[in-house]
> 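Provided herewith is a single structure, encoded as structure tokens, for subsequent inquiry.
Proteins get letters first, then strands, A, B, ... in listed order; numbering begins at 1 in each. None of the values given here were measured: they were computed from a predicted structure.
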Protein chains: 2
Amino acid sequence: MVADPRQTNDALETCITKGIHREIIRTVSRNMPDPVSIYELADLFKLFGDSTRLGILWALSESEMCVCDLCALLRMKQPAVSHQLKNLKQSRIVKSRRDGKIVYYSLDDDHIRRLLNLGMEHTQES
Amino acid sequence: MVADPRQTNDALETCITKGIHREIIRTVSRNMPDPVSIYELADLFKLFGDSTRLGILWALSESEMCVCDLCALLRMKQPAVSHQLKNLKQSRIVKSRRDGKIVYYSLDDDHIRRLLNLGMEHTQES
DNA sequence: ACTATATATTAATATATGTACATATGTACA
DNA sequence: TGTACATATGTACATATATTAATATATAGT
């Protein structure tokens with residue numbers, strides 16, 4: 001929960017020693033995204049922050065796959081996979097297409113793949 | 001919780017109709033990162049998946065700031081800020097330096113800034 | 001229409017996570 | 001060394017989130 005950064009007038013008095021870095025606070029405050037954007041971004045990352053979903057996402061970054069394939073690959077129960085796919089689809093991280101009985105899932109756009117790779121770069125480097 | 005994708009032999013039998021897309025599963029399975037990497041990556045993204053921390057991170061992407069500054073900017077209680085900074089620091093997302101009584105925090109490396117921007121790009125575009 | 005299979009949904013429970021409060025630690029300065 | 005301030009930590013509580021099992025829906029083929 002983030003307070004609205006556009007109303008920081010009295011917040012500047014929060015510090016006991018009041019005037020510390022007032023200029024920085026004002027400047028940063030002007031450049032902060034609005035709270036709604038922060039929320040939406042947090043919701044995006046939240047979905048990346050679970051190894052189950054991340055496994056699904058990584059798999060889909062390699063190839064379009066059906067639910068059944070994902071179950072086999074990740075050794076998960078089908079309802080669990082469907083459940084996570086639903087979350088991911090609602091946030092437009094993955095998309096699906098149906099071919100008869102089978103529903104194929106894939107990443108919604110290339111940002112997702114780039115986020116995965118960039119994140120992995122960071123965790124692997126140190 | 002992700003099962004070890006290197007042991008998918010019998011998992012291939014999970015589907016009732018057994019042989020669906022066996023080749024895809026084998027190929028993707030070979031390209032999956034090991035489970036530990038998936039976990040670490042999930043832990044990274046988990047920390048991005050909260051609007052409180054994301055506010056802190058965005059602020060720090062604009063400028064190095066002390067705890068007190070962050071409290072004022074985000075209108076949060078000091079222990080709450082410190083608590084999140086501790087999490088972020090443990091995962092090497094932020095780093096700190098002390099100057100007398102004051103501890104300054106900043107982003108640990110440029111991957112973090114790029115992840116923030118890339119994520120924001122994705123949420124803003126649709 | 002009936003059956004089998006692939007996927008989706010629902011509800012219950014367990015677990016993880018953030019928050020708030022009290023308190024502790026560390027640093028500077030008198 | 002004693003006081004004030006900046007930051008850190010620990011615990012309890014509330015809430016969010018994942019997981020599971022049971023069940024429902026949708027589609028294809030007979």
Side-chain angles (χ1 to χ4, degrees), chain A residues 1-3 13-21 38-39 42-56 64-91 94-105, chain B residues 1-3 13-21 25 38-39 42-57 64-91 94-105:
Chain A
M1 170 59 178
V2 163
E13 313 302 326
T14 300
C15 287
I16 299 174
T17 301
K18 300 202 171 54
I20 293 197
H21 309 125
I38 296 270
Y39 268 107
D43 283 340
L44 174 71
F45 282 127
K46 209 171 287 180
L47 288 166
F48 283 76
D50 173 80
S51 62
T52 291
R53 284 190 295 265
L54 213 45
I56 293 175
E64 174 184 77
M65 297 181 89
C66 71
V67 178
C68 176
D69 293 340
L70 288 167
C71 293
L73 175 66
L74 302 168
R75 312 185 83 181
M76 291 170 60
K77 299 269 172 62
Q78 176 271 319
V81 172
S82 280
H83 183 240
Q84 300 300 356
L85 285 171
K86 183 190 179 188
N87 291 334
L88 293 169
K89 192 177 175 185
Q90 276 181 340
S91 303
V94 306
K95 60 189 174 191
S96 66
R97 69 179 179 88
R98 180 181 276 274
D99 180 15
K101 284 190 289 187
I102 299 182
V103 178
Y104 292 92
Y105 283 87
Chain B
M1 172 59 180
V2 163
E13 313 302 325
T14 300
C15 286
I16 298 174
T17 302
K18 300 201 171 54
I20 293 198
H21 309 124
I25 294 175
I38 296 271
Y39 268 106
D43 283 340
L44 173 71
F45 283 126
K46 209 171 289 179
L47 288 166
F48 282 76
D50 173 80
S51 61
T52 291
R53 284 190 295 265
L54 212 46
I56 292 174
L57 290 176
E64 175 184 78
M65 295 180 89
C66 71
V67 178
C68 177
D69 293 340
L70 289 167
C71 293
L73 175 67
L74 303 168
R75 311 186 82 179
M76 292 170 60
K77 298 268 172 62
Q78 177 270 319
V81 172
S82 279
H83 183 239
Q84 300 299 358
L85 285 171
K86 183 191 178 188
N87 290 334
L88 292 169
K89 191 177 176 185
Q90 275 181 340
S91 302
V94 305
K95 61 189 174 190
S96 65
R97 68 179 178 87
R98 180 182 276 276
D99 180 15
K101 284 189 291 188
I102 299 182
V103 179
Y104 291 92
Y105 283 87

> Any non-hydrogen side-chain atom of A:Met65 less than 4.5 Å from a side-chain atom of A:Ile56?
no

> Would you say the side chain of A:Val67 lies within less than 4.5 Å of the side chain of A:Gln78, judging by non-hydrogen atoms?
yes

> Please check the phosphate of D:dA18 (OP1 and OP2 only) for any side-chain N or O of A:Thr52 closer than 4.0 Å.
no

> Could you spell out the base pairing of DNA chain C as a dot-bracket line? Use Watson-Crick and G-U wobble contacts where both distances are under 3.5 Å, [ ] for crossing pairs, | for partners on a different strand.
||||||||||||||||||||||||||||||

> If you check every side-chain atom of A:Tyr105, which of D:dT7, C:dA8, D:dA21 has the closest atom?
C:dA8

> Checking contacts here: which listed nucleotide (C:dA6, D:dT7, D:dG10) is nearest the side-chain heavy atoms of A:Ile102?
C:dA6

> OP1, OP2 of C:dT27 versus side-chain N and O of B:Arg98: anything below 4.0 Å?
yes

> If you measure from NZ on A:Lys77 to OG on A:Ser82, what distance do you get to the nearest 0.5 Å?
13.5 Å

> Heavy-atom nearest nucleotide on DNA chain C for B:Asn87 versus A:Val67: which residue maps closer to 5'?
A:Val67

> In whole Å, I'd like the distance from the NZ atom of B:Lys89 to the C1' atom of D:dA8.
11 Å

> Within this structure, what is the CG-to-P distance between B:Leu47 and D:dT17, rounded to whole angstrom?
15 Å

> Which nucleotide wins on minimum distance to the side chain of B:Arg53, given the candidates D:dA8, C:dG18, D:dT20?
C:dG18

> Please give, in whole Å, the distance from D:dT17 C1' to A:Lys86 NZ?
14 Å

> Does a side-chain N or O from A:Gln84 land closer than 4.0 Å to OP1 or OP2 of D:dT19, or not?
yes

> Measuring from A:Lys46:NZ to B:Leu47:CG, what's the distance to the nearest 0.5 Å?
13.0 Å

> If I take atom NZ in residue A:Lys77 and atom P in nucleotide C:dA8, what distance separates them, rounded to the nearest angstrom?
18 Å

> Among A:Asn87, A:Val94, A:Leu85, A:Val81, which residue meets the side-chain contact (heavy atoms from CB on, under 4.5 Å) test with A:Arg53?
A:Asn87

> Has the side chain of A:Gln78 got a donor or acceptor that lies under 3.5 Å from a partner of the other kind on the base of C:dA8?
yes

> Rounded to whole angstroms, how far apart are CZ on A:Phe45 and P on C:dG18?
15 Å

> Taking only the side-chain heavy atoms of B:Pro79 (C-beta and beyond), determine which of C:dA22, C:dT10, C:dG18 contains the nearest atom.
C:dA22

> Rounding to an integer number of Å, can you tell me how far A:Leu70 CG sits from C:dA6 C1'?
13 Å

> Considering heavy-atom distances to DNA chain C, does A:His83 or A:Gly49 have its closest nucleotide positioned more toward the 5' end?
A:His83

> Kindly compute the distance separating OH (B:Tyr104) from OG (B:Ser96), expressed to the nearest 0.5 Å.
12.5 Å

> Using heavy-atom distances to pick each residue's nearest nucleotide on DNA chain D, tell me which of A:Lys46 and B:Leu85 is more 5'.
B:Leu85

> Rounded to the nearest 0.5 Å, how far does CD of A:Glu64 lie from CZ of A:Arg97?
4.0 Å

> Does B:Ser82 place a side-chain N or O at less than 4.0 Å from the phosphate oxygens OP1/OP2 of D:dA8?
yes

> Looking at B:Lys101, does any N or O in its side chain come under 4.0 Å of the phosphate oxygens OP1/OP2 on D:dT7?
no

> Between A:Ala80 and B:Cys66, just flag the one whose closest nucleotide in DNA chain D comes earlier from the 5' side.
B:Cys66

> Take atom CE of B:Met65 and atom C1' of D:dA6, then tell me their distance rounded to the nearest Å.
15 Å

> What's the spacing between A:Thr52 OG1 and A:Leu70 CG if we round to 0.5 Å?
12.0 Å

> Please give, in whole Å, the distance from C:dA14 P to A:Asp50 CG?
20 Å

